[in-house]
Amino acid sequence: MGQTRVTSSGEDPRVTELRTAVSRLRRELAGHPAEFSDRGIAEDELAALDAMALSGVPEIPRLRRSLLLIAGAIGSVSALAAALRDVRVAVDLFGEPPRG
């Protein structure tokens, strides 16, 4: 109980999935031609998610907060919907934050 799988590289597969999803959304956001008012928020929070993933032990409440900010910032940009969904799925792999 409480154990996580580890890939052959020694990385938690949930972290690998998160890093992949964040990288994809960052690329798609960078290539999206339209400017919108909350783009900087989305970029900052994606950078924060990437940093958490690189640390190897993301904090679930912080992951969820970043996801909410990103979704709020780019949720209306339909061209980014699939990549945003992948980030949400990757965050959900970490489960719910402990209730306290």
A.B. asks: What residues, two or more places apart in sequence or in another chain, satisfy side chain to side chain contact (heavy atoms under 4.5 Å, CB included) together with Arg39?
C.D. replies: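 In terms of side chain to side chain contact (heavy atoms under 4.5 Å, CB included), with neighbours along the sequence ignored, Arg39 is linked to Leu29, His32, Glu35, Phe36, Glu43.
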A.B. asks: Under 3.5 Å, which donor-acceptor pairs do the side chains of residues 44-61 form with other protein atoms, sequence neighbours left out?
C.D. replies:
unit_1 : atom_1 : unit_2 : atom_2 : d
Glu45  : OE1    : Arg62  : NH1    : 3.0
Glu45  : OE1    : Ser66  : OG     : 2.6
Asp50  : OD2    : Arg26  : NH1    : 3.2
Ser55  : OG     : Met52  : O      : 2.6
Ser55  : OG     : Val57  : N      : 3.4

A.B. asks: Using the test side chain to side chain contact (heavy atoms under 4.5 Å, CB included), find all partners of Leu68 that sit at least two apart in sequence or belong to another chain.
C.D. replies: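 Leu68 satisfies side chain to side chain contact (heavy atoms under 4.5 Å, CB included) with no residue once adjacent residues are dropped.
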A.B. asks: Please list every donor-acceptor pair under 3.5 Å in which a side-chain atom of residues 84-95 meets a protein atom from a residue at least two apart or in another chain.
C.D. replies:
unit_1 : atom_1 : unit_2 : atom_2 : d
Asp86  : OD2    : Arg24  : NH1    : 2.2
Arg88  : NH1    : Asp92  : OD2    : 3.0
Asp92  : OD1    : Arg64  : NH1    : 3.2
Asp92  : OD1    : Arg64  : NH2    : 3.4

A.B. asks: Okay, side chain of Thr20, backbone of Thr16: is any donor-acceptor separation there less than 3.5 Å?
C.D. replies: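 Pair found, side chain donor or acceptor close to backbone of Thr16.
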A.B. asks: Transitive ILVMFWY cluster of Ile41 at side-chain heavy atoms under 4.5 Å: who else is in it?
C.D. replies: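 Cluster partners of Ile41: Leu69.
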A.B. asks: Indicate every side-chain donor-acceptor pair of residues 74-82 with a distance under 3.5 Å to a residue at least two apart or in another chain.
C.D. replies:
none

